[in-house]
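The next block holds one structure in the form of structure tokens; read it before the comments.
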Amino acid sequence: MNYWLVKSEPDVWSWSDQCKAKGRTTAWEGVRNAQACNNMKLMRKGDRAFFYHSNKDRQIVGVVEVVKEAYPDPTDETGRFVMVDLRALEALKAPVTLAEIKAAPRLSEMALVRQSRLSVMPIDPSAWKTIMKMAEMK
DNA sequence: GCCAACGTTGGC
DNA sequence: GCCAACGTTGGC
């Protein structure tokens, strides 16, 4: 299984919106960045991703699961970009803030820190474990 | 194919 | 609200 992180502005689409969605599942539409889309194309059914609130909140708040692999985003007129379907699995007991991640030496190489504008990125398994521990998750 | 101008994201 | 980083567009 691979691990990922997806970003959303909480004012636009928040974790609670995700949980209220039918089947707790939504199409992750609207990504208009080639690198982010390439990452979505690499997602496989059953992969896990952190759900991160950008801007105001700046913390990881939940875990989602990939339930449908990349397919064309109908909201994209150019036909270049894809989306996946994501389902809310569970909220983090203790959300992990960007500040905490930056303060953790082991996490300093994360794309979240290094490439702040990227909205869909891979997370390596050791970083996933570290963050889950920080979030007080089993 | 280069690069200047411009737009967007997201942290601060 | 500002601005750094960086992606995209379009003229040449």
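Below, chains carry the letters A, B, ... as their sequence lines are ordered, and counting in each starts from 1.
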*Within-4.5 Å side-chain heavy-atom neighbours: A:W128 and A:W4*: no
_Classify A:K56 by what it touches in the nucleic acid, base, sugar-phosphate, or nothing, heavy-atom distance under 4.0 Å._
nothing
*Short side-chain N/O contact from A:Y52 to OP1 or OP2 of B:dT9, under 4.0 Å*: no
*Does anything in residues 85-105 of chain A pair up under salt bridge (charged side-chain N to carboxylate O under 4.0 Å, His left out), and if so which pairs, sequence neighbours excluded?*
A:E65-A:R87
*asked:* What is the distance, to the nearest angstrom, from the CD atom on A:Q35 to the P atom on C:dG7?
replied: 7 Å
*Close side-chain approach of A:F51 and A:S8, heavy atoms under 4.5 Å*: yes
*asked:* Taking donor-acceptor contacts at under 3.5 Å, does the side chain of A:R32 reach the base of B:dT8?
replied: no
*For atom CG of A:N38 and atom C1' of C:dG7, their distance in whole Å*: 14 Å
*asked:* For B:dT8 and A:K7 - does any side-chain N or O of the residue sit under 4.0 Å from the phosphate oxygens OP1/OP2?
replied: no
*Figure out the CD/P separation between A:E9 and B:dT9, and round it to whole Å.*
7 Å
*May I have the distance from A:N39 (atom CG) to C:dG7 (atom C1'), rounded to whole angstrom?*
15 Å
*Between C:dC2 atom C1' and A:N55 atom CG, what is the distance in whole Å?*
14 Å
*Answer yes or no: is there a side-chain heavy-atom contact under 4.5 Å between A:V64 and A:T25?*
no
*Round to the nearest Å and state the distance from A:L112 atom CG to B:dG11 atom P.*
7 Å
*Rounded off to whole Å, could you give me the CG-to-C1' distance for the A:N33 and C:dA5 pair?*
13 Å
*Atom-to-atom span, CE of A:M121 to C1' of B:dT9 - whole angstrom*: 12 Å
